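To keep things clear, I will list the structure first and then write my remarks on it.
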Amino acid sequence: MILTITMNPSIDISYPLGKLVIDRVNRINNVSKTAGGKGLNVTRVLRQLNEPVKASGMLGGDFGQFVRKHLDEEGINHDFSQIRSETRNSIAILHEGNQTEILEGGPEIRENELNTFFETYKRLLKEVNLVTISGSLPKGVKKDYYSTLIEEADRQNTKTILDTSGETLAKSLQGNPKPYLIKPNEEEISQVLGHKINTSVDLKNALKSDLFDDIEWVVVSLGKDGALVKHKKTIYKIDIPSIEVINPVGSGDATLAGLTYGISNRRTPEEIMRVGMVTGMLNAMNQKTGHIDVQRFNELFTQISVNKI
Ligand code: ADP
């Protein structure tokens, strides 16, 4: 089984408006509220691939209960640790082709709450062979906390797949042991290396940095341009067919789910990369974030090319 960790989940609220009128009342009829967070997108895609998966992290208050209820309704296995403060709301206002987001910072975590979560985490690790960690850390948690999670997983012989950014990513790369796979984008690579990446040559060179030496997989997804991947000492460019994109939000999470699926099922390196690309594309072809049409899996799988560069 795979364990997915979302430390700062949210209720994702979507407000589709014809036009957003500033400094006036904007009324909305078809509001959608879902259990949100990058790790939950990963969970949904793994479930659709028929991979046994359990979601964990921290939830609090009535909004936390709302998330649990929605996960139950979706049939998602979950075991979140309880905190006192309310889980946050993330609001996306969709207007005239734009998406204006209002994101709450989320609850502040107390030391004893983090300890309780860690006990849950240690228990859950006994049931799984892989753990994915996605997204930001809530307030009150030190930026190097993911290193603690990676270390405990390693102690229990479990590989860690990490998708985070900024200082949290930088600190996680300084820790030891390293994550088994990371999925930074170009901007995140620039941030951790401290210099700008302008060309594909820059990116290839960046992947050769000794910062990534002990990380088995570094996957830099590039939207419609596929991905650049470092696996052990080899660098690959993945090209993908052009598709009809409906909603690309969460494609990176879907890619992470595909890569995790491939690794968990001991597929070959080339197959792991292909699965990751297919799940990312299928998410982009779907209106709903974290939803893929598995019927179209094989058709896309054969159209992907993986080349050593
Ligand atoms: P993120 O959501 O983390 O920014 P990307 O935008 O790179 O991640 O998307 C992840 C993967 O999803 C890509 O590698 C690709 O396989 C697929 N994908 C995303 N956007 C597109 C697109 N416009 N066309 C085709 N595939 C896409």
Side-chain angles (χ1 to χ4, degrees), residues 4 6 10 12 36-46 48-49 90 92 97 99 101 103 132-136 161-166 168-169 172 179 181-192 197 200 203-204 206-207 217-231 235-263 267 269-294 296-307 309:
T4 63
T6 316
S10 59
D12 284 356
K38 287 167 69 64
L40 295 180
N41 294 335
V42 175
T43 313
R44 288 187 178 98
V45 173
L46 283 169
Q48 288 159 87
L49 294 170
S90 300
Q99 178 158 335
E101 298 192 21
L103 306 180
T132 71
I133 303 174
S134 305
S136 61
I161 301 207
L162 179 68
D163 185 9
T164 188
S165 59
T168 309
L169 173 63
S172 309
L181 182 150
I182 56 171
K183 200 199 76 57
N185 59 28
E186 278 178 281
E187 197 188 323
E188 286 154 3
I189 295 244
S190 302
Q191 277 172 6
V192 291
I197 289 167
S200 53
L203 185 57
K204 186 180 169 193
L207 287 180
W217 287 95
V218 182
V219 179
V220 184
S221 65
L222 304 166
K224 66 175 175 28
D225 297 323
L228 206 67
V229 177
K230 182 178 91 73
H231 176 237
I235 298 183
Y236 299 88
K237 171 73 180 67
I238 315 182
D239 292 304
I240 58 175
S242 81
I243 53 166
E244 196 200 326
V245 174
I246 297 180
N247 177 9
V249 175
S251 291
D253 303 331
T255 292
L256 197 83
L259 296 165
T260 305
Y261 173 89
I263 292 166
R267 304 283 284 265
E270 183 170 331
E271 284 172 341
I272 291 169
M273 290 183 259
R274 282 173 183 259
V275 178
M277 288 299 100
V278 173
T279 47
M281 284 192 282
L282 287 175
N283 177 79
M285 292 159 80
N286 208 300
Q287 183 56 48
K288 278 170 87 179
T289 300
H291 288 258
I292 60 171
D293 177 4
V294 284
R296 300 196 64 182
F297 189 95
N298 289 338
E299 162 202 334
L300 292 175
F301 192 83
T302 53
Q303 293 182 59
I304 291 162
S305 71
V306 178
N307 296 297
I309 57 165

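Every number for a ligand or one of its atoms is a count from 1 in the order of the listing. Being a predicted model, the structure only gives us computed values, none of them experimental. Starting from 1, each residue takes its place in the sequence as its number.
In E271, the CD atom is crowded: over 12 heavy atoms of neighbouring residues, nucleotides or ligands sit closer than 6.0 Å.
Near I240, meaning under 4.0 Å from any of its heavy atoms, are these atoms of ligand 1: 15 (C), 16 (O), 25 (C), 26 (N). Proximity to G226 (heavy-atom distance under 4.0 Å) selects the following atoms of ligand 1: 14 (O). Within ligand 1, the atoms closer than 4.0 Å to a non-hydrogen atom of I243 are 24 (N), 25 (C), 26 (N), numbered from 1 in the order shown. Below 4.0 Å from some heavy atom of K183 lie the following atoms of ligand 1, by number and element: 3 (O). Within ligand 1, the atoms closer than 4.0 Å to a non-hydrogen atom of V245 are 22 (C), 23 (N), 24 (N), numbered from 1 in the order shown. Residue contact check: T255 has heavy atoms under 4.0 Å from atoms 10 (C), 11 (C), 12 (O) of ligand 1.
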Output side-chain donor-acceptor pairs under 3.5 Å for residues 249-258, partner residues at least two apart or in another chain, one line each.
| unit_1 | atom_1 | unit_2 | atom_2 | d |
| --- | --- | --- | --- | --- |
| S251 | OG | P248 | O | 2.8 |
| S251 | OG | G280 | O | 3.4 |
| S251 | OG | N283 | ND2 | 3.2 |
| D253 | OD1 | K38 | NZ | 2.8 |
| D253 | OD2 | N41 | ND2 | 2.8 |
| T255 | OG1 | S251 | O | 3.1 |
| T255 | OG1 | G276 | O | 3.2 |

Please assess M285 against D293 for the test side-chain contact (heavy atoms from CB on, under 4.5 Å), listing each intermediate value before the final yes or no. CA-CA 8 Å; M285 292 159 80; D293 177 4; over 6 Å; no
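The side-chain heavy atoms of V192 and L169, taken from C-beta on, include a pair separated by under 4.5 Å. Using a 4.5 Å cut-off on side-chain heavy atoms (C-beta onward), K224 and V245 make no contact. Counting heavy atoms from C-beta on, the side chains of L203 and L222 come closer than 4.5 Å. Contact check for E187 versus S165: no side-chain heavy atoms found under the 4.5 Å cut-off. Proximity of K237 to L228: side-chain heavy atoms (C-beta onward) are separated by under 4.5 Å at one or more points.
The backbone and the side chain of S221 each have at least one atom closer than 4.0 Å to an atom of ligand 1 (non-hydrogen atoms only).
Atom 16 (O) of ligand 1 has its closest protein heavy atom at M277 O, 3.3 Å. When only non-hydrogen protein atoms are considered, atom 15 (C) of ligand 1 lies nearest to G223 O, 3.4 Å. Ranking protein heavy atoms by distance to atom 9 (O) of ligand 1, first place goes to S251 CB, 3.6 Å.
Between G252 and ligand 1, at least one pair of N/O atoms sits closer than 3.5 Å. For ligand 1, the polar-atom distance check finds no N/O of P241 at less than 3.5 Å from any of the ligand's N/O atoms.
Residues L40 and T6 come closest through the heavy atom pair N-OG1, 3.6 Å.
Here atom 24 (N) of ligand 1 lies nearest to K224 when heavy atoms of K224, E186, E187 are compared.
For atom 4 (O) of ligand 1, no protein heavy-atom neighbour is present inside the 4.0 Å cut-off.
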